[in-house]
Number of protein chains: 2
Amino acid sequence: MHTLTTPPPPAFDVLSPQCPSRTVLRHVTDRWTPLIVSALEEGPLRFGRLRERVGGITPKVLTETLRSLERDGLVLRTVGPTSPPRVDYELTELGATLAGPIQTLRSWAQEHAEAVLSARDRYDAE
Amino acid sequence: MHTLTTPPPPAFDVLSPQCPSRTVLRHVTDRWTPLIVSALEEGPLRFGRLRERVGGITPKVLTETLRSLERDGLVLRTVGPTSPPRVDYELTELGATLAGPIQTLRSWAQEHAEAVLSARDRYDAE
DNA sequence: TTCCTCGGTTACGTTGAGGTATCTGGTATC
DNA sequence: GATACCAGATACCTCAACGTAACCGAGGAA
């Protein structure tokens with residue numbers, strides 16, 4: 001009796017230039033995505049709160065980035081019928097699986113920022 | 001008898017716009033850095049091999065990115081006195097600590113690429 | 001009636017990361 | 001002498017992401 005074997009996974013590899021996973025990687029590492037995902041990790045936020053949390057982002061860019069995250073199924077946008085309008089943003093299930101890896105990278109940056117900066121100083125001193 | 005307490009760490013936070021850790025995060029998430037770090041994770045590579053491994057990168061951009069990684073103490077460049085020239089690139093100790101987080105993100109992208117793409121298809125279909 | 005808030009939109013300008021194409025220096029090989 | 005190899009360097013250009021500033025509509029409050 002032979003077992004039913006699952007077909008081999010399509011072998012995504014970001015190192016191959018045409019692999020779709022590369023564009024996915026690029027999207028989740030663009031300028032604001034890690035910061036937004038990071039901010040949403042602790043729960044839903046309204047547009048205004050999110051804007052305050054992610055320091056320095058303009059409303060235009062925040063809207064654009066949120067729309068692309070919504071498009072890729074990482075963020076859910078919920079509009080309340082109130083006035084003034086209330087719009088909540090939260091991570092989807094898929095988005096939540098991204099939060100871990102993002103946090104890992106965020107922690108690395110925060111923990112090694114000094115090491116990187118001092119390496120840069122040493123390099124520039126020569 | 002009181003114990004000597006270490007001073008509290010400077011509280012780097014990528015969500016604050018002026019925090020140096022944000023530029024560090026941005027650097028390690030730029031277009032080619034994750035791919036290069038990924039390629040170097042298994043050991044040193046020569047310029048040409050690295051170029052083959054990271055599909056699609058041009059020599060100019062590879063040189064630029066490697067120099068900035070060297071500057072930040074993440075990559076070590078070793079020139080052999082041979083001819084034709086032989087140049088090896090490898091991760092430093094600091095660079096090696098980055099490889100893990102990068103791999104996590106790379107795996108996420110590869111494992112969830114299909115989910116993202118199909119979410120995008122669904123979104124665009126509406 | 002005027003003002004305020006929220007969550008944007010729109011038009012426009014900028015810039016810097018990245019791409020293209022061509023060139024280089026030194027050595028060994030044909 | 002010509003050619004090939006390696007690891008880039010250089011000049012130039014492009015474009016998409018990002019920033020700036022102003023504006024908007026619905027509704028509730030003063």
Side-chain angles (χ1 to χ4, degrees), chain A residues 14-18 22-37 39-40 44-72 74-90 120, chain B residues 14-18 22-37 39-40 44-72 74-90 120:
Chain A
V14 295
L15 294 181
S16 322
Q18 305 87 353
R22 183 180 281 196
T23 72
V24 172
L25 178 62
R26 197 181 179 184
H27 181 199
V28 300
T29 57
D30 71 6
R31 177 155 197 188
W32 297 105
T33 295
L35 304 181
I36 291 175
V37 171
L40 290 179
L45 282 176
R46 301 179 57 176
F47 187 86
R49 306 300 139 260
L50 188 50
R51 189 183 168 189
E52 290 163 12
R53 197 78 215 297
V54 180
I57 196 168
T58 62
K60 179 201 164 207
V61 173
L62 180 55
T63 302
E64 285 173 0
T65 309
L66 285 170
R67 290 291 146 82
S68 80
L69 290 173
E70 199 193 355
R71 178 170 184 252
D72 284 359
L74 299 169
V75 157
L76 181 65
R77 178 173 180 265
T78 315
V79 185
T82 60
S83 177
R86 177 196 176 97
V87 182
D88 278 286
Y89 292 94
E90 61 188 307
R120 202 177 286 181
Chain B
V14 295
L15 293 180
S16 319
Q18 305 87 354
R22 183 180 280 196
T23 72
V24 171
L25 178 62
R26 197 181 177 184
H27 182 199
V28 300
T29 57
D30 71 6
R31 177 156 198 185
W32 297 104
T33 296
L35 305 181
I36 291 174
V37 170
L40 290 179
L45 282 176
R46 301 180 57 176
F47 187 86
R49 303 303 140 257
L50 188 50
R51 188 184 169 187
E52 289 164 13
R53 198 78 215 293
V54 179
I57 195 168
T58 62
K60 179 202 161 206
V61 173
L62 181 54
T63 302
E64 284 174 1
T65 309
L66 285 170
R67 291 290 147 81
S68 80
L69 291 172
E70 199 193 354
R71 178 172 184 250
D72 284 358
L74 299 168
V75 157
L76 181 65
R77 178 171 180 266
T78 315
V79 186
T82 60
S83 176
R86 175 196 178 96
V87 181
D88 279 286
Y89 290 94
E90 61 189 307
R120 202 177 286 180

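All heavy atoms count here, side chains included; hydrogens, waters and symmetry mates do not. Chain identifiers are assigned alphabetically (A, B, ...) following the order of the sequence lines, protein sequences preceding nucleic acid strands; residue numbering begins at 1 within each chain.
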Could you please name the option among [options] that lies closest to any side-chain atom of [X]?
X     : options                : answer
A:V87 : C:dC6, C:dG8, C:dG26   : C:dG8
B:S83 : C:dG26, C:dA11, D:dA11 : C:dG26
A:R31 : D:dC18, C:dG19, C:dC6  : D:dC18
B:R49 : D:dG19, C:dT9, D:dC6   : D:dC6
B:K60 : D:dC18, D:dT10, D:dG8  : D:dT10
B:T63 : D:dG8, D:dG19, C:dG8   : D:dG8
B:P85 : D:dG19, C:dG25, C:dT9  : C:dG25
B:P84 : D:dG8, D:dT10, D:dC5   : D:dC5

What is the distance from [atom1] of [X] to [atom2] of [N], rounded to the nearest Å?
X     : N      : atom1 : atom2 : result
B:L62 : D:dA7  : CG    : P     : 11 Å
B:D88 : D:dG8  : CG    : C1'   : 15 Å
B:I57 : D:dG8  : CD1   : C1'   : 13 Å
B:L35 : C:dA17 : CG    : C1'   : 15 Å
A:D30 : C:dG16 : CG    : C1'   : 16 Å
B:F47 : D:dG8  : CZ    : C1'   : 6 Å
A:E52 : C:dG8  : CD    : C1'   : 15 Å
A:H27 : D:dA17 : NE2   : C1'   : 12 Å

side-chain contact (heavy atoms from CB on, under 4.5 Å) assessment of A:L62 paired with A:V54: CA-CA 9 Å; A:L62 180 55; A:V54 180; 5.8 Å; no
SB check B:R49 B:E52 (cutoff 4.0 Å): yes
Given side chains that start at C-beta, do those of [X] and [Y] come closer than 4.5 Å, heavy atoms only?
X     : Y     : result
A:T65 : A:I36 : yes
B:R22 : A:L35 : yes
A:H27 : A:R71 : no

Sugar-phosphate, base or nothing in reach of B:R26, heavy atoms under 4.0 Å: nothing
Sugar-phosphate, base or nothing in reach of B:R46, heavy atoms under 4.0 Å: sugar-phosphate
Counting only side-chain N and O atoms of [X], is one of them less than 4.0 Å from OP1 or OP2 of [N]?
X     : N     : value
B:R86 : D:dC5 : no
B:R51 : D:dG8 : no
A:R77 : C:dG7 : no

Closest non-hydrogen atom pair, A:D88 against A:R46: OD1-CG, 3.6 Å
Position toward the 5' end of DNA chain D (nearest nucleotide), B:G48 or B:E64: B:G48
